Every structure is written in structure tokens, then in C-alpha cells.
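Reading through the C-alpha cells given below for one structure.
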Amino acid sequence: MTLPAKISPKERDSALLVAVAAGDRRALEELYLGYHRRLARFLSRFTPRYENIEEIINDTFMVVWQNANDFRHASQVSTWIIGIAYRTALKSFRRQKNHNGERSLEDYPVPTVDPTFDAEVHDWLKHGLNQLPVEQRLTLELAYHMGHSLEEIAVITECPVGTVKARMYHAREKLRQYLPALSGASPDLPSRTE
Amino acid sequence: MSHQRGSDHSLEHDEVSSLIPWYVNDTVDVHERQRVDIHVATCAVCREDLAVQNRIFEGMEAQPALDYMPVASLKRLQARLDVSQARSAAPQAPPEPVRRETWRGGRMAASVGALAIAIGVLAAGRWVQFEARVKEPSYRTVTKATLRPPGEVIRAVFSPTITLEELQHLLDEAQLKIVSGPTEAGVYSLASNSSVAVHSSLQQLRRHSAVRFAEETVPEPESGNLP
Ligand SMILES: [Zn+2]
């Protein structure tokens with residue numbers, strides 16, 4: 001068996017995971033490099049420290065390695081892997097909380113962003129995101145940036161679609177409070193007085 | 001003015017409202033897009049929501065200031081896999097595969113036969129690029145992983161950001177010294193600096209957040225290296 005030259009990312013992931021289940025470390029490495037950036041960015045909504053991010057990614061791939069046999073190929077490899085990363089992050093968050101007593105979310109600030117990016121655009125968002133529970137922040141990233149559907153997010157986060165909707169709603173309402181007061185500079189927001 | 005048209009409008013409002021996140025990131029299909037456009041033209045609430053969500057989306061698109069280090073990170077994963085494979089290959093290996101891992105089963109798929117077959121499977125395409133990026137052969141055999149330098153009692157992997165000073169301090173505290181390493185996978189072999197018990201050195205190490213991984217080396221019964 002060889003992989004055809006042109007296969008979709010989904011097929012490639014599936015083939016790699018079959019090889020991983022058979023104990024192929026090179027397939028695991030290929031899968032790892034294919035997911036690293038996506039997971040690192042996703043997890044940067046959880047912690048800004050690369051070494052913590054790396055630890056969660058590596059824990060995730062230890063689970064992938066150990067449990068590849070349990071994967072059902074009717075579902076998507078990507079939601080499976082991102083789901084493991086999501087749960088690993090939450091576990092690590094709870095473990096930290098137990099070790100250090102109640103930590104505020106301020107201990108898990110979102111990272112500063114690329115300095116070339118317009119500071120005004122993201123400052124309000126950064127402050128807003130810092131006020132959100134970890135689950136809500138990660139859900140926003142899954143939806144807005146990663147483009148996962150409600151159903152996929154429900155699979156990844158192992159909760160009902162209604163819970164995903166509620167998290168997105170509450171996150172949005174909170175963020176709305178941090179939106180800078182509108183001046184004439186933002187033409188895309190309709191005036192309340194109209 | 002938004003809810004004047006009764007329950008039809010209200011139902012459409014609810015459904016369109018839940019599409020907005022995927023409208024702003026452009027992952028809705030053509031029909032859904034049209035549906036949102038039509039509704040938003042007559043619903044001020046959704047119009048405002050759309051504007052807010054556009055700004056959330058825009059803000060979330062910023063790249064985090066993060067140094068991605070996939071190859072270095074992968075090497076540390078390989079070190080963990082090496083150790084857990086070595087442990088599962090050793091007859092006296094303890095049941096827990098890796099520190100802090102409590103995943104279901106904990107079984108390691110360490111079949112060398114399966115490996116040989118599977119390596120052939122992915123020979124084509126991107127694989128060549130992957131090897132170029134990783135540069136050196138990253139796959140390590142179980143036998144290689146069990147070769148030990150003299151005096152080694154602990155194998156450890158440290159955070160990539162640890163300074164030499166911090167490392168020295170940490171080793172002093174745990175009464176350990178480096179006898180070899182790091183390997184290409186970042187593994188250090190550590191020997192005891194005193195008569196302190198290995199497990200207390202190990203505990204000392206594991207207390208540090210800069211220690212990614214620390215394992216007591218499984219004793220080799222027939223070893224001629226011991227003092
Ligand atoms: Zn509406």
C-alpha cells in the first residue's frame with residue numbers, strides 16, 4: 001500500500017492514523033508536524049507560554065500514540081486530535097488550580113499579538129478575552145478562527161450543541177462590553193439613533 | 001422595528017442569528033450567505049450583531065506573538081516515546097508509561113514488525129520534505145534507547161528555555177550531575193552526586209516546571225558499569 005500523490009488532507013490524516021495505530025512512529029511525526037501550528041495557535045488562547053503549549057501538544061500526541069487503535073474512522077481525525085488537546089488543556093488548567101488554589105483567569109492571559117497588527121483593534125479584544133472562562137475562549141477560537149461548525153465544536157468539547165451556543169452567546173455579550181466606544185471611525189457599526 | 005412580522009420573522013431571526021459567526025469568517029455556503037444578507041437588511045438587531053461579530057473576528061485573526069518550534073518540540077516528544085518504549089520493552093518495567101499520564105490503558109504500540117511495514121507505507125510525497133526539515137533520522141530503536149552511560153541513574157529532558165545557571169542550580173538541589181547528553185532528542189543522563197536516594201533526587205527534579213521529563217533508569221542486572 002502506498003499513498004496516492006493527490007489525496008485530501010482528511011484522507012491523509014486517516015491514512016497516517018492507521019499507520020500510527022500499527023506502531024509507526026514516522027507517521028506519528030508527520031501527523032505531529034501537520035498539526036503543530038494549528039494546535040499551538042489554538043492553545044495560545046489558553047496560555048501565552050510556548051513551553052506550556054508544547055507540553056499540552058506533546059501530551060496530546062502521547063494520547064494519539066496510545067489510543068490510535070480506538071479511533072473510529074467514521075469521525076474526523078482533526079476533531080479527534082483537537083478534542084484531545086482541548087481536554088488536555090482543561091485538565092492542565094484544573095491541575096494548576098488545585099496546586100495553586102484559586103487562580104484568576106488573569107494568570108492565563110491571552111498572548112500579545114504581532115506588533116504590526118493595529119493595536120487598537122485587538123487591545124479591547126485582549127482585555128475582553130481575559131475575562132472569559134477558558135472554555136469560552138477556546139470555543140471562540142474554534143468557531144471564528146478555525147471555522148469549525150457548531151456540531152464539530154460539540155464533538156471536540158464533548159458537550160451538547162446547546163452548550164456550545166450558550167458559550168458563544170455569553171462570550172459575545174461579555175466581549176461587547178469591551179468594544180471601544182464608537183466614533184465616526186467605525187463605519188461598519190450602525191448608529192443606535194437611526 | 002425588528003420583530004414586527006411575528007413568529008416567521010422571529011424563527012428566521014433565531015436561525016440567522018446562529019449563522020453569523022460562520023458568515024463573518026466566510027465558511028457559510030452561498031444559500032446561507034444569501035439568507036443572512038436578506039434577513040440583515042430588515043433586522044436591526046442582527047445587523048448590529050453582525051457588526052460586533054465582524055470586529056470580534058477581525059480581532060481574533062491577529063497572529064499570536066508565538067515562536068513556533070515544531071521540530072524542537074517534536075524531538076522532546078520523541079524522547080518521551082523513546083523512554084516509554086524502552087520501559088515497555090524492559091521485563092521489569094513499571095506499569096505507568098510516563099509521568100503524570102493516566103490515559104486509558106497506557107498500552108504502548110511498540111511492535112517493531114509493525115513499524116517496518118508502516119514505514120514503507122508513507123514513503124511518497126511530503127515525506128521527503130519532512131525528512132529534509134528534520135535533517136537527521138529521528139527514529140530511534142529500542143536497543144539504542146537502552147544503552148546507558150556509566151553511573152546513569154536518571155534520564156531527564158529539560159525545558160528548552162532553561163538557562164545553564166538554572167540547570168546547574170536545579171541539578172545541585174537534586175544532587176545530580178550530567179554524565180552524558182543531551183542526545184539529539186534532548187535527553188540527559190544524570191548520575192548521583194552523593195549518597196542521596198535516587199527517588200528523592202527524582203522527586204526534587206519533578207518539582208521543577210523546567211523539567212519536562214525525568215525517569216529513574218531501570219537497573220541492568222548484568223551491567224559491568226556499576227562502581
Ligand atoms: Zn434578526
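Worth knowing before you read on, the calculation uses all heavy atoms, side chains too, and leaves out hydrogens, waters and symmetry mates. All values reported here derive from a predicted model rather than from experimental measurement. Numbers restart at 1 for each chain; the letters A, B, ... are given by sequence-line order, proteins then strands.
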Next item on the list: Test side chain to side chain donor-acceptor pair (under 3.5 Å) on A/Thr60 and A/Tyr35 and set out the steps.
Entry: CA-CA 11 Å; A/Thr60 298; A/Tyr35 273 86; over 6 Å; no
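A salt bridge links A/Arg87 with A/Glu158; the closest basic N to acidic carboxylate O contact falls under 4.0 Å.
When heavy atoms are compared at a cutoff of 4.5 Å, A/Ile53 approaches chain B solely by way of its side chain, counted from C-beta outward. In this structure, chain B has heavy atoms under 4.5 Å from both the backbone and the side chain of A/Leu150. Both the backbone and the side chain of B/Asp49 come within less than 4.5 Å of a heavy atom in chain A.
Taking the side chain as every heavy atom from C-beta outward, B/Leu19 and B/Trp22 never approach each other to under 4.5 Å.
When B/Thr27, B/Asp67, B/Ile56 are compared by the number of non-hydrogen pairs under 4.5 Å with chain A, B/Ile56 comes out ahead.
Between A/Trp80 and A/Phe71, the ring center distance clears the sub-6.0 Å criterion.
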